[in-house]
Amino acid sequence: MDQIRIAGGKTLKGRLPISGAKNAALTLLPAALLTDEPLTLRNLPRLADVDTFGHLLNQFGASTHTQGSRPEDFGRVMTMSANRITSTTAPYDIVRKMRASILVLGPLLAREGVATVSQPGGCAIGNRPIDLHLKGLEALGAEIELTSGYVRARAPSGGLRGGRIIFPVVSVGATENVLMAAVLARGETVIENAAREPEIVDLARCLVAMGAHIEGIGTERLLVEGVDRLHGATYAVMPDRIEAGSYACAAAITGGELLLVGASRELLGSSLPVLEEAGVRFEDQRDGLLVSRPDGLHGVTAQTAPWPGFATDMQAQLMALMTVAEGASVLTETIFENRYMHVPELARMGADITVRGRSAFVRGVPKLTGAPVMATDLRASMSLVIAGLAAEGETIVRRVYHLDRGYERLEEKLQAVGADIERVSGD
Ligand code: EPZ
């Protein structure tokens, strides 16, 4: 398994390109199943999960063609054509590798009236149930049964029909699954307490470009008027706000200055005020967002919440930054039940963190020391990279396949702005 070696202490400076958003790509890809015409996605990030999703679409008989990108380019153009669907089963061996596979449930049900999808099971950060996905699809008339680890779903004989869903908990995936099913359901669907993450806005805009009728985009109340069919489209994936926020933390912890190409204050949304309070400075420029840390870092209090709250996907990265801030920080994770696995690894580097229930109390220390550490999940692995960039000495991050799921060519991007970082094949 590959490892990443970092010699800390280098100040990052220069231009760093922000790739297309993983969490937008993973919901735009299944949207290709909703039409028999080609859907072309531009600015697709080169990530393991995007490749896995391409294989999954092939599994259903959809073709996927990646167009003309030179090896040195970031991002790709991919055209998916699901003109003939030959299977409606998403097998365990693919779903277990990528939980987002559950997002094929709604589109397959809407297009083919039937879907058999392996239950994704839990993951490192929590047990990640899918009850809200299933209840939402049942509200559109789907009959759902769970047998031998699979979700078997069937639409009524006349196809899915519009319905009213009130989500008791905000769920990004459940909102995406139900939205993709509703666009082809007969009649009107109302989704209340819908998630409002920018990636859902991206999905809704793509669906509208394909001919869907959706109102309330970006709000917690989505109104969908079903249509008989959708047509193909070409759509550019939005920039990745979590990648941008992660590299902003990297710039800040090294006391450097990065121009995050393609990012903006608006893209970072709710992460921005928390990072500004910590002492990070942001300036919108013509082609991106200039990030610097002119003075010291200060401890902050932050609590994760659905958009427009502070993103749970930024919690681990902020924590890494706060380990060397002046004063104490209190970070509270309200979305997932086990999203502090980076804490013991950061402690190996000298961080002073105490977890009590859902909150982590971070006391800033003068410096971190490089150490061998282990990535446990995607954002935890990024927090270890951020810490390693500032730590004295060498840090080896093991199990970097976690990183490859969400950060396109990370070491190349960081090398180009001065980091002493390389990928080495490890044990
Ligand atoms: C999406 O996961 C993202 N993944 C996650 O990003 C992100 O952390 C999460 O949204 C929250 O923003 C993708 O978009 C591929 P949820 P998702 O449904 O949809 C509970 C990353 O690092 N819940 O909004 O799975 C759930 O347990 C990843 O890029 C139910 O109880 O998240 C959690 O506590 C990690 N029942 C809360 O809702 C359900 O049916 C929010 O989960 C569904 C969810």
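Computation of the quantities below employed the complete heavy-atom set of this structure, encompassing side-chain atoms and omitting hydrogens, waters and symmetry-equivalent molecules.
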Applying the side-chain contact (heavy atoms from CB on, under 4.5 Å) criterion to E188, which one of R164, H213, E225 satisfies it?
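Among the candidates, only E225 passes.
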Walk me through it: do K13 and E257 pass the test salt bridge (Lys or Arg N to Asp or Glu O under 4.0 Å)?
CA-CA 5 Å; K13 208 159 170 51; E257 184 178 85; 3.6 Å; yes
Taking all non-hydrogen atoms of both residues into account, name the closest pair between [X] and [Y] and its distance.
{"X": "A311", "Y": "R241", "answer": "CB-NH1, 3.9 Å"}
{"X": "L368", "Y": "A387", "answer": "CD1-CB, 3.7 Å"}
{"X": "V237", "Y": "L28", "answer": "CG2-CD1, 3.8 Å"}
{"X": "R358", "Y": "I335", "answer": "NH1-N, 3.7 Å"}

Begin with the C-alpha distance, continue with both residues' side-chain angles, and end with the deciding distance and a verdict on side chain to side chain contact (heavy atoms under 4.5 Å, CB included) for D420 and R5.
CA-CA 8 Å; D420 182 345; R5 186 198 63 76; 2.9 Å; yes
Side chains of [X] and [Y]: is there a donor and an acceptor less than 3.5 Å apart?
{"X": "D377", "Y": "H402", "result": "no"}
{"X": "S246", "Y": "Y407", "result": "yes"}
{"X": "T304", "Y": "T312", "result": "no"}
{"X": "D352", "Y": "T323", "result": "no"}

State whether the side chain of Q317 and the backbone N or O of D313 hold a donor-acceptor pair below 3.5 Å, judged by distance alone.
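Such a contact is found between Q317 side chain and D313 backbone.
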Residues E199, M238; criterion side chain to side chain contact (heavy atoms under 4.5 Å, CB included); working and verdict
CA-CA 8 Å; E199 292 76 24; M238 67 175 280; 4.0 Å; yes
Take L160 and L184 through the test side chain to side chain contact (heavy atoms under 4.5 Å, CB included) and record every step on the way to the result.
CA-CA 8 Å; L160 295 176; L184 289 180; over 6 Å; no
Point-to-point distance, once rounded to the nearest 0.5 Å, from CG of L140 to NZ of K135
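Between L140 CG and K135 NZ, I get 14.5 Å after rounding to 0.5 Å.
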If I take atom OG from residue S383 and atom CG from residue L321, how far apart are they, to the nearest 0.5 angstrom?
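Here the rounded value is 11.0 Å.
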So with a 6.0 Å cut-off around CD of E392, is the heavy-atom count from everything else above 12?
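No, not enclosed.
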Cation over ring face, R205 and Y235, 6.0 Å, 45°:
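No.
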Check the pair T66, V77 against side chain to side chain contact (heavy atoms under 4.5 Å, CB included), reporting the backbone distance first and the verdict last.
CA-CA 6 Å; T66 306; V77 176; over 6 Å; no
